[in-house]
Colleague: 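Quick one: structure below, then a few questions.
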Amino acid sequence: MGAKGYIMQVQPFSVNDGDGIRSTIFMAGCPLRCRWCSNPEGFTATPKTGWYERKCIGCGACAEACPQGIGINLNAERERCIACGKCAGVCPADARARLVTLTDADDVLKEIQKHRLFYSYSGGGITFSGGEATSQTEFLDCMSREIYDMGYSMDIETCGMFDWNRVSHILARMDLIFMDLKIFDSEKHKEYTGVSNERILENIANLAVFGQQDTDIFEIADAEGRTGNDGHGPEIVIRIPVIGGVNDDDENIRASAEYVHRHLPHARMELLPYHRYGQIKYEALGVPYDHPEFRTPDKAEMERLRDIVRSEGVEIADFR
Amino acid sequence: MPITPRVEKIRQNYVNTKPHISYERAWSYTRSFQRTEGQPHILRVAQAFNDTCHELSVNIWEGELIVGTSGEYRKCAILTPEFGWLWINDEIDTFPERGQDPYDVTPEQTEFIRKNIFPYWKGKSIEEAFLARTSEATKKIGVDTGFLDTDSKWRNGIGEISADYIDVLLPKGYGGIKAEAEAYMAELDEAIPAEKEKINFYKSMVLIADAMITLGRRYSAKAAEMAAEETDPVRKKELEEIADVCSRIPEQPPKSFREAVQFVWFVQLGGIIAENPLAWNPGRFDQYMYPYYKADKEAGLIDYDAALELVECLWLKYSEWAWTISKNTASFFAGYTNFENLTVGGTKVDGSDATNEVSFMAIQATRECMTHQPTLSCRIHPDCPPEFMEAVTELVSTGCGFPAIHGDRTGYQMLSNLGYEPKDARDWNNCGCVVPHSRKTFEWTSAASISFAAALEFALNRGCSRLSGEQVSLPEKDPKTFESMDEILEAWKKQFRYLVRHGVISLCTAQQIHKEIGHRPFMSACNEYCMKNGKDLVDGGAKYNIGPVFTGVGLSVTANSLAVIQKLVFEEKKCTLADIIDAIDNNWEGYEDLRELALACPKYGNDIDYVDSIARDLADFFYDEVTKYDDIYGNHFVTAFMGISNYLPTGKVLGATPEGRHAKDPINEGVSPYTGSDKSTCLAALRSAAKVKHDIHSGGTLLNLRLNHDLVATKRGRANLGAMLQSYFALGGFHVQFNTISNEVLRDAQAHPEKYRSLLVRVAGYSAQFTNLSKEMQDSIMARNAHTEF
């Protein structure tokens, strides 16, 4: 079909982003700039190559292969990098890696189909993630249509920052939507993510169309009536990435849960503790990441916050 | 923790005691053989067994409910000099101190054995006969080489039998077996030579049955004697029960679950005394035990916990017997592992689900006792009940490595391909480690270990060992002058054919010797068709006589090496073949850059057809080459990729290999990817492994994979593991076993990341390679794991 999109990675064997064994398609480009983001390569929908200094054996094969004449230390000369990926192709130590590539939808589909047996035995499928999957709307539309027709389960992880009218028919195809509500207070949201949260809150409220008996989901669906969950429309999980020192206060959690419950009485919520696992990618891109102020909440703290959510009448989802 | 403090106490003793060598059995056999010179061999063996059952120490140890030991020690290791004693003589002084599988033995015992036992066997053992009949050329390539090894078939007892509890042992008891043998005998005429031979066979059956009956009665008498002296009323009652059970068992068919457990152990003990066997398999335990459990439970005589305690007592009996083996064999079968393979789950012959409460009991006993025996195997069929799958994956999550998990249908297909009738193929049980097997069968399931990587070494080194420089195989031209991939493949095939040929020669020699002086009346008594045919196993008495199995070792190393040559030398021309030869001649020293290039080439285990197809082709060639030979019974030889721990000793004798492996490093077992080279996901590793045609390798295939404990720590994670298993079996895979990872390993991975590239850990919402994480993250994952360590 010829569509192309900017793909960070197609990760097989994802087991925490929905039910069963899934392949997660990470799509580059995101309207938010969360300071704690663990996938910095997904900020923009542009090809990128990374350099893992810790794995580098200093053989110089990358420099020899580079049409731009960039040396081993890619990050010192990154502005000249055209992300052709030639260096990643020759690196014997996997120290050079293509972090974002312009990829044919057909190639993505071929890749995910490899694991079809694993999806069917586990009740798994495909999860769209990012970056922000909705930011490549056309590509997402095309791929989700194809995958829907293959009969695989589809979930999506989204930050909620999108144009509802352009995206809602895509969301209707999903079995499960994970939408983030990072910080309830808009000012603070803007401070930490670069954007205010009105649109996000609005889109959370918009999701109500999927949970209500009397709404005709086929009004939202595409012309062929592609709808998730056998026509019942997607389930909803609102996620809070809990960043110690930023949004882990009781008020934020309570206000978020209250908002979710008010607009989406059937939705569940999932609270995920902050982690630093993306740090190595900042190194690979030569981007500083220095946030000692962010804490990882401990188990007890997470459980206490989940109790607040429960006390607002919202069920906790758990995909661990 | 075991179900009761009694079992825990037995378990503590098992964990904390080193096995002790007992020569009682060897001494009884020796004296018996001295008395029976000149008689038919089968009768001499049966008489020796009978004498031993009259003479062996009878001990009932503290707390035991299930009784019977192969000598005077609770953790006992026995000697079988009739198979081989040279190696024992060479090694016995080092038994207590050796690194792998040590045994205690006192200097007085050693002196006694050297003075009274070995001299009689000089020139009489199977080992000596084999060495006397084997040419220098065969010895050079196939005796203690690590290139080709067959010594488990001429130095030790054979084993590799699954007792037929269903059609023979449990319904008949040894009283019934004796009566049947006598009835057959009454119809035969001594004046007809063929019938005379059968008479000898049936006489041996009577001797065996009498011996087993005697053994039971001696335990009954001992228990009664101890009960009379016992002051603790609880223990007194237990001893009285033991005396009661053993007064009938194993002479009569068991009437209760408890009697059946004791019966099964006596049979196992008999096999141990007879052969000190490898892979003496209890078989489908849940199938033959469930009727007893069900009847007792319905009659209100037993509940689940009481039955479980008996099963756990049995598990400890299986484990207290230690297999006595040479240092070399111990490096192949490390960990006192005698492979008493016990199978649960799967389908019944009628195709319906076979799992029952005893299946769950077996899994629970293994989880609670954490004994190394029995070797627990599970058959998983496509409609496996979720509760059973959960029990299986939950056991995996303990990190104990059990159970071995098998695809029900592939096992069936493997036996069908050997010509089994459907009803027997459907009833398969596991033998040893991963061999689909049947209680109707005679087969040397672990006959030869053949190294794919050695053939490559010879092809690329003029037929010489790279480490010793010695010419051990067929001459070959200067490796630097090979001009094409085809030429190299042809050279590999030529060397591999030579290895196969000498394996065949060795095994046919060993078979002939066993036919002469390797009679197996005890094992034959456990086999329905031996009784019907009036023939010992070694005379082809079983229903299915299957040819000896060649186990291929080093498949992935060899495929990876050929892929490197194909890619770097002939396709990309990044180096010459001479460069690679020089590099491996120098164990990669001074060729580090070339090694990096070699390591970066496609590796088996990542779902890359480029290299996986080479592995599949090598495996196909292996099948074609081996199966074209027939053994002395006229049966085709059989192939397997089953492994065991043979990837260590077979690696030790090899120089460096083109895919980047250093000299003496391990190669790989079964169809497993080379350690650290399956850098993608376990899904990719499973897909690679499934490309090998499992069902044609009827001797079994083995796949070992590592999993981080975190992946199976939750019920949901275990359900996903279950789905992975079903997917692998749907792809045609046969067996997979998982190692979940301890922090000890993670620490080693932190220090030596190059060895652990494939190590997958659950991170946050996804899984990642451990080595791709920063030190800080690695530490945090270990901290997270610490509380989940078993």
Side-chain angles (χ1 to χ4, degrees), chain A residues 9 11-24 26 38-39 52 54-55 57-61 89-95 97 111 114-124 127 129 157 178 239 241 270 272-281 283-284 296 299 318-320, chain B residues 382 389 572 574 592-601 607 660 679-687 690 710-717 719-731 753-754 757 760-769 771-777 780-781 784:
Chain A
Q9 193 189 3
Q11 170 146 6
F13 201 40
S14 292
V15 291
N16 301 105
D17 303 309
D19 287 328
I21 296 171
R22 314 188 75 83
S23 290
T24 302
F26 290 91
S38 61
N39 292 326
Y52 293 98
R54 281 195 289 117
K55 291 197 205 172
I57 55 169
C59 70
V90 298
C91 177
D94 294 337
E111 186 59 30
K114 269 190 190 175
H115 300 297
R116 57 190 178 273
L117 268 176
F118 297 97
Y119 311 145
S120 55
Y121 277 108
S122 66
T127 300
S129 187
E157 296 173 335
F178 293 99
R239 270 178 169 171
E270 188 178 21
L272 300 170
Y274 167 69
H275 63 75
R276 293 170 187 266
Y277 300 127
Q279 202 166 340
I280 187 167
K281 291 193 205 160
E283 283 171 39
T296 300
K299 268 192 171 163
D318 189 351
F319 291 92
R320 287 169 298 174
Chain B
M389 185 63 100
E572 296 178 354
K574 283 190 176 156
E592 285 75 16
D593 288 352
L594 181 57
R595 181 165 181 264
E596 291 297 339
L597 285 177
L599 289 174
C601 287
D607 194 16
K679 293 200 247 172
S680 311
T681 64
C682 46
L683 306 190
L686 291 169
R687 287 177 56 82
D710 248 17
L711 285 167
V712 288
T714 61
K715 197 170 175 184
R716 195 170 172 279
N720 284 336
L721 176 64
M724 279 163 55
L725 292 169
Q726 290 289 24
S727 307
Y728 182 58
F729 299 147
L731 290 166
E754 70 282 2
R757 292 226 172 102
L760 196 67
V761 291
R762 206 188 108 208
V763 181
Y766 64 100
S767 300
Q769 266 91 51
T771 52
N772 274 358
L773 302 172
S774 67
K775 174 151 190 317
E776 187 193 351
M777 275 317 111
S780 78
I781 285 168
R784 187 175 67 191

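Order of the sequence lines fixes the chain letters, A, B, ..., with proteins taken first and strands second; residue numbering starts at 1 for each chain. When reading the values below, keep in mind they use all heavy atoms of this one structure, side chains included, and skip hydrogens, waters and symmetry mates.
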Colleague: Can you name the residues that form a side chain to side chain donor-acceptor pair (under 3.5 Å) with A:R239, not counting sequence neighbours?
Modeller: A:E157, A:E270
Colleague: Does B:R595 have any side chain to side chain contact (heavy atoms under 4.5 Å, CB included) partners at least two apart in sequence or in another chain, and if so, which?
Modeller: B:W588, B:L599, B:H662
Colleague: Let me know if A:Y119 has heavy atoms under 4.5 Å from chain B in its side chain, its backbone, both or neither.
Modeller: neither
Colleague: Quick one: what part of B:L721 sits under 4.5 Å from any heavy atom of chain A, side chain, backbone, both or neither?
Modeller: neither
Colleague: For A:I57, is it the side chain, the backbone, both, or neither that has a heavy atom closer than 4.5 Å to a heavy atom of chain B?
Modeller: side chain
Colleague: Please confirm whether the backbone N or O of A:V15 pairs with a side-chain atom of B:R716, one donor and one acceptor, at under 3.5 Å?
Modeller: yes
Colleague: Could you tell me whether A:F178 and A:F319 have their ring centroids closer than 6.0 angstrom?
Modeller: yes
